Amino acid sequence: MDTPAKTPKDVSAGDARLRASVGPHISSGESVEHIMWTVSAALLPAAALSVYYFGVHSLLVMAVSIGSAVAFEALAQRMAGQKVAVSDGSGFLTGLLLAMNLPAGVPLYLPVVGSAVAIIITKQLFGGLGFNIFNPALIGRAFLLASWPRYMTTWPVPHDSLSLASVDATTAATPLAILKEEGYARLLEHFASRYDMYTQMILGHRGGALGEVSAIALLFGAAYLLYKGYITWHIPVSFIFTVGALTWIFGGDPVLAVFSGGLILGAFFMATDYVTAPMLKKGQVAFGVGCGALTVLIRLKGGYPEGVCYAILLMNCFTPLLDRAFRPSKFGAAGAKVKV
Amino acid sequence: MLEDLGTIFIASALINNFVFSRYLGLCIFFGVSKKMETAVGMSMTFTAVMVISAALSWLVYNLVMLPAGLGFLKIVVFIGIVAGFVQGADTVLKKINPTLYHKLGIYLVLITTNCIILAVPVISSDEKYNFMQAITLGLGSGAGFSLALIIMASIRERLELANVPKPFQGMPIAFIVTGLIALAFLGFSGLITV
């Protein structure tokens, strides 16, 4: 054949088979796409329960959040001249996680603004999937909380049964807000007994954001992810253990601390984000302990009743430092001082 | 007393972090946070200068200016004190320890015109701090600025490898990162009611 010979440049640019990615090069049959959709699926039980408790409006919030996240991702990728890859599910997952962090009764433009901040500013401006420094969904939530604090802290009361009506007009403070404003004794008065309080926390019959109402549904999804090996125990266990232990040391109720607020959602589904958490196990444990300590600090001393979102964002700032600090020594260079 | 100093330290280092909640000192913050090595050198020099200039300004303000009724001149005088002290340190360091000078000299010059260095004496005179409180404020502000610089340097080194769209490379993305860190630092708000 009389085709012109390819220069090496053509080969590297054109033939994907000849391009090597960054190591490790172990073929496992897993892909980013597969993981993203599995994590989204693992959130389904909690999402379904939130529809049960908060009615159809909850479903609307999720749909708008996911839809706008995917649309913004496609738009931003097109504008940046990248391949539009919304089918990898990362935009979908960000939208779903953002919705999970919103109260059920928010006006529907809030998830749209939140998705724009999460996808365009926090993710695509840094180069897209894999390059962002902060967890996009959490930045979206923090931005909304700073901009519309009243909408973001108005929590509708969960229904007792599935209802097609819009969100109840009645609202209730979250358990953590009651704890902060009125103290533990007053919080207990809302329940028949301490045991009753724990069961309601775990089953999810309480005020809160969409995704944080039911600990058991979240744990169900998280267990599946752990079983599949998509997340490891290091971050969630060190995070949750630190919150429980520190709360107990400072005289709080550790069981309440672990099952209230967004801790389960944050520890299993957001702190474990591959991109924004440290890569190495030791760094991950340090990350989890840091998240836990900051959460307790903000819950007990801070201005907000819940600190999980800010704690994870603050530790995201430290991720590059943690990766640096726990960098392993080079093979064969043990004992030698490796200059970093 | 000790608790009071702890409050001042935490408040100036985290809650009212000069970079992330008062937006001061940004020129050095963006200029020096490109590499970890320079960020660490700057942090140490900055903290030292901050503490000493806070002490000097306090002494001059409370022992000379207030008795003489010259409180209204404080901004001019503080600029003079800081510039004079930094220039003096620069000259002395060059003479007695050329190695250290070689390492820290460039930072000293940059610090002379930094706004945080001026803000600290002004805040401590406005709040009518005593001597120990003024030094703690300087130390806390230095620690907060060092924290900001080192976090930023580690993030920017990681961003070197990121696929940032061309118009946003360099400074623009650094500003965006700073905004996002500031959003995260909102979590500290209300931590201590001063």
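Model, not experiment: these values are computed from the prediction. In what follows, chains are A, B, ... by sequence order, proteins preceding strands, each numbered from 1.
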message: Please evaluate residues B:Phe185 and A:Leu313 with respect to the criterion side chain to side chain contact (heavy atoms under 4.5 Å, CB included), reporting the C-alpha separation (whole Å), side-chain torsions for both, the decisive distance (0.1 Å), and the verdict.
response: CA-CA 9 Å; B:Phe185 265 67; A:Leu313 286 176; over 6 Å; no
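- Counting non-hydrogen atoms of neighbouring residues, nucleotides and ligands closer than 6.0 angstrom, the CG atom of B:Leu59 exceeds 12 such neighbours.
- Atom OH of A:Tyr109 is surrounded by more than 12 heavy atoms from other residues, nucleotides or ligands within 6.0 Å.
- Other residues, nucleotides and ligands contribute at most 12 non-hydrogen atoms within 6.0 Å of the CZ atom of A:Phe143.
- Contact tally against chain B (heavy-atom pairs below 4.5 Å) for A:Leu297, A:Leu145, A:Thr319: the top residue is A:Leu297.
- For B:Glu157, the part sitting under 4.5 Å from any heavy atom of chain A is the side chain, from C-beta outward, and nothing else.
- B:Leu180 CG to A:Leu138 CG: the interatomic distance, rounded to the nearest 0.5 Å, is 12.0 Å.
- Only the side chain of B:Leu159 comes within contact range of chain A, with heavy atoms under 4.5 Å apart.
- By a heavy-atom distance cut of under 4.5 Å, A:Ile121, A:Thr122, A:Gln124, A:Leu125, A:Phe126, A:Gly127, A:Gly130, A:Phe131, A:Asn132, A:Ile133, A:Phe134 are the residues of residues 119-136 of chain A near chain B, going up by number.
- Of all heavy-atom pairs between A:Pro320 and B:Ile155, the closest is CG-CG1, 3.9 Å.
- For the atom pair A:Phe318 CZ and B:Ile151 CD1, the distance stands at 4.0 Å (nearest 0.5 Å).
- Note: B:Leu183 CG to A:Arg141 CZ = 11.0 Å, rounded to the nearest 0.5 Å.
- Contacts of residues 141-150 of chain B with chain A at a heavy-atom distance below 4.5 Å involve B:Leu147, B:Ile150, listed in sequence order.
- Proximity to chain B (any heavy atom under 4.5 Å) is restricted, for A:Leu294, to the side chain, taken from C-beta onward.
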